[in-house]
Amino acid sequence: MTSFSAPKGVPDYFPPTSASFLAVREALAEPARLAGYGYVELPVFEETALFARGVGESTDVVSKEMYSFNDRGERSVTLRPEGTAGVMRAVIEHGLDRGQLPAKLYYAGPFFRYERPQAGRYRQLQQVGVEAVGVDDPALDAEVIAIADAGFRSLGLTGYRLDITSLGDGSDRPQYREKLQAFLAKLPLDEATRTRANLNPLRVLDDKRPEVRALMDDAPLMLDHLAAETRAHYEQVKGYLDDLGVKFTENPRMVRGLDYYTKTTFEFVHDGLGSQSGIGGGGRYDGLMEQLGGQPLSGVGFGLGVDRTLLACQAEGLTPGDVTRCDVYGVPLGETAKSRLVGLSGELRAAGVRFDLAYGGRGMKGAMKAADKSGARYALVLGERDIEAGVAQLKELATGDQQAVPLTDVVTTVRKALDR
RNA sequence: GUGGGUGUAGCUCAGCUGGCAGAGCACUGGGUUGUGAUCCCAGGUGUCGCGGGUUCAAGUCCCGUCACUCACCCCA
């Protein structure tokens, strides 16, 4: 019989790591709720054209990393590679852009990119994201960045930094782009890089290869070519970040892989995860709504990588969500005792006590061993003698102290012992 | 898509120049009646990734193949 393995590049999480995974996702989402963002639950797949138009045909994500397929009705659909396009589609479709603005939304869930897997790079990845749509206020850029920062900080992470820059917009980027292209044309670049330079010249700026990096030393930078208006916007974002106490590094060579970004862009970088160092990123996307058939409204948001943030936590020795999964462990001796403990399990759990018991008819010794491994604070031992006496033995595992508790008082006694 | 590394027990791995497949951890049972963590004893599993080749003999050498992994590209 052949067995199965998970699809290539897809992580499985199980205890205890899965508890950390959930805790990370929660920690990243909580600051968004505190800032008035409402949860949206959106489909995991969309019409392929949405991403092609929203994310941009020239991006790697669209041109070679999408999980696309035809459904039974011969419609081309794609497992979402990122969140913003889908949120914008929903905003437009349901008219949220006609209500009070900004519309502030957050989401969490899986995304898919068909890439060669690597440390911290998966074909199914989890992100937490926010989008603030409809108001072009630099304070919103700063708010979004501060939300992400608060999430990372609440996990206890310290080994990350925040890079920010401005990519300009329609008013100044085309001129800059030409200037950069002229500069690149004079460089001795290999063919792959040359192709990339033609597709999106900005991308060559953050090439990791030292030889390319050296060539780019004198490259013109967008930050030096911002129009007065985009520069003012950028300066205000930085000012608000100072107000918020969010520390950042200006990185004029930072580039984002999605076409829709304008003005402010940012990236959170951590050193502990191998080569894939970005744990979150985002920015402003002022042309996207219109591009997708909506009103010409601005927007700003981010996507944070849950998997990578978990790796960052592990690199820093943090174990979020590290709680014992059992308070009391039942040790039944014999069928009558087992039946009584099964009954008690319902009552205890209803009272908020995490209760587990030895299933499978293990002996006393094995059951006690299991109690120990469960991490429970107490073992609840029940045998024939106890039942005759109308009691159960409550044993504190750390100290070995044991007391007989009347069976009718077990729930209240346990709750008192656990202080809840 | 392009390079490098690794495939041996459930997990982490050892196995030198070919000569009977191993350790630690984990798991299970036991160390006289109904008490765990420590300690002692016992126990099991292997198509040595798969297919071919060389050889008296292959986990070990050669060829192919698949998988995993790290890195480039790119990104969360």
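Proteins come first, then strands; the chains are lettered A, B, ... in the order of their sequence lines, and each starts at number 1. Nothing here was measured: the structure is a model prediction, and the numbers come from that model. Computation of the quantities below employed the complete heavy-atom set of this structure, encompassing side-chain atoms and omitting hydrogens, waters and symmetry-equivalent molecules.
For the pair A:V61 and A:T399, both in contact range of RNA chain B, the more 5′-proximal nearest nucleotide belongs to A:T399. Along RNA chain B, the nucleotide nearest A:E82 and the nucleotide nearest A:A119 are compared for position; the residue whose nucleotide lies closer to the 5' end is A:A119.
If you take atom C1' in B:rU6 and the same atom in B:rU60, they sit 16 Å apart, rounded to whole Å. B:rU17 sits 11 Å from B:rC61 when the C1' atoms are compared, rounded to a whole Å. The same atom, P, is picked in B:rA23 and in B:rC41; the two are 14 Å apart, to the nearest Å. Rounded to the nearest Å, the gap between the C1' atom of B:rA14 and that of B:rG53 is 28 Å. Separation of the C1' atoms belonging to B:rA9 and B:rC25 is 12 Å when rounded to the nearest angstrom. Separating the C1' atom of B:rA57 from that of B:rC20 is a span of 12 Å, rounded to the nearest Å. Taking atom C1' in both B:rC50 and B:rA67, one finds a spacing of 10 Å when rounded to whole Å. Distance noted for atom C1' between B:rC13 and B:rG46: 15 Å (whole Å).
Of all nucleotides present, only B:rU2 satisfies the Watson-Crick or G-U wobble test against B:rA71, with each distance under 3.5 Å. Using N1 to N3 plus N6-O4 or O6-N4 for Watson-Crick, or N1-O2 and O6-N3 for G-U wobble, each under 3.5 Å, B:rA57 pairs with nothing. For B:rU33, there is no paired base (Watson-Crick or G-U wobble, both distances below 3.5 Å). Pair assignment for B:rC48: none, as no Watson-Crick or G-U wobble contacts are both less than 3.5 Å. Base pairing of B:rA76 is not made with any nucleotide, judged by Watson-Crick or G-U wobble geometry with both donor-acceptor distances under 3.5 Å. Base-pair partner of B:rG18: not found among the strands shown (Watson-Crick or G-U wobble, both distances under 3.5 Å). Taking a pair to require two hydrogen-bonding distances under 3.5 Å in either a Watson-Crick or a G-U wobble arrangement, B:rC25 pairs with B:rG10.
Summarising the geometry, the separation between CD on A:Q118 and P on B:rG1 is reported as 15 Å, rounded to the nearest angstrom. For the pair A:M368 CE and B:rG29 C1', the computed distance is 18 Å after rounding to whole Å. Atoms NZ (A:K64) and P (B:rC72) sit 13 Å apart, rounded to a whole Å. Between the OH atom of A:Y329 and the C1' atom of B:rA37 there is a distance of 15 Å, rounded to whole Å. Spacing between atom CD of A:E384 and atom P of B:rU33 amounts to 17 Å, rounded to whole angstrom units. Following rounding to the nearest Å, A:K365 (NZ) and B:rG34 (C1') show an atom-to-atom distance of 13 Å. B:rC70 atom C1' lies 13 Å from atom OH of A:Y122, rounded to whole Å. The distance from atom CD1 of A:I387 to atom P of B:rG34 is 14 Å, rounded to the nearest whole Å.
Using a 4.0 Å heavy-atom cutoff across all strands shown, A:G120 reaches at least one base atom of the nucleic acid. Using a 4.0 Å heavy-atom criterion, one finds that A:Q126 contacts no nucleic acid atom at all. Here A:G383 lies in heavy-atom contact (under 4.0 Å) with a base. A:R256 comes within 4.0 angstrom of the backbone, heavy atoms only, and of no base. Residue A:I279 is classed as a sugar-phosphate contact, given heavy-atom separations below 4.0 Å to backbone atoms only. Across all strands, A:D207 comes closer than 4.0 Å only to sugar-phosphate atoms, never to a base (heavy-atom distances). Looking at heavy-atom distances under 4.0 Å, A:R203 makes contact with sugar-phosphate atoms alone, never a base. Residue contacts shown for A:G400 include a base, since a base heavy atom lies under 4.0 Å away.
A donor-acceptor pair is defined here as one N or O able to donate and one able to accept, closer than 3.5 Å; no such pair exists between the side chain of A:R161 and the backbone of A:K247.
Closest to the side chain of A:R116, from the set B:rA76, B:rU35, B:rU69, is B:rU69. Here the nucleotide nearest the side chain of A:K373, chosen from B:rC27, B:rA71, B:rA76, is B:rC27. Side chain of A:V381, nearest nucleotide from B:rA71, B:rG36, B:rG34: B:rG34. Looking at the side chain of A:M364, the nearest of the listed nucleotides B:rU35, B:rC68, B:rA76 is B:rU35.
Taking only distance into account, the side chain of A:Q402 meets the base of B:rU35 through a donor-acceptor pair shorter than 3.5 Å. In terms of polar N and O atoms assigned as donor or acceptor, the side chain of A:K369 never comes within less than 3.5 Å of the base of B:rG29 in a complementary pairing. Residue-to-nucleotide contacts include no donor-acceptor pair under 3.5 Å from the side chain of A:E267 to the base of B:rA76.
A side chain to side chain donor-acceptor pair (under 3.5 Å) with A:Y260 holds for exactly one of A:Q291, A:R53, A:E82; it is A:E82.
With 3.5 Å as the limit, one finds no donor-acceptor pair spanning the side chains of A:D136 and A:S298. A donor-acceptor contact under 3.5 angstrom links the side chains of A:Y13 and A:D307, judged on distance only. Using a 3.5 Å distance cut-off with no hydrogens or angles, the side chains of A:T158 and A:E316 do pair a donor with an acceptor.
Checked against a 6.0 Å centroid threshold, the rings of A:Y261 and A:Y285 do not count as neighbours.
The pair A:K179-A:D224 fails the salt-bridge criterion, with no side-chain N (NZ, NE, NH1 or NH2) lying under 4.0 Å from an Asp/Glu carboxylate O.
A cation-pi arrangement is absent between A:R123 and A:Y67 under the rule of less than 6.0 angstrom and at most 45 degrees off the ring axis.
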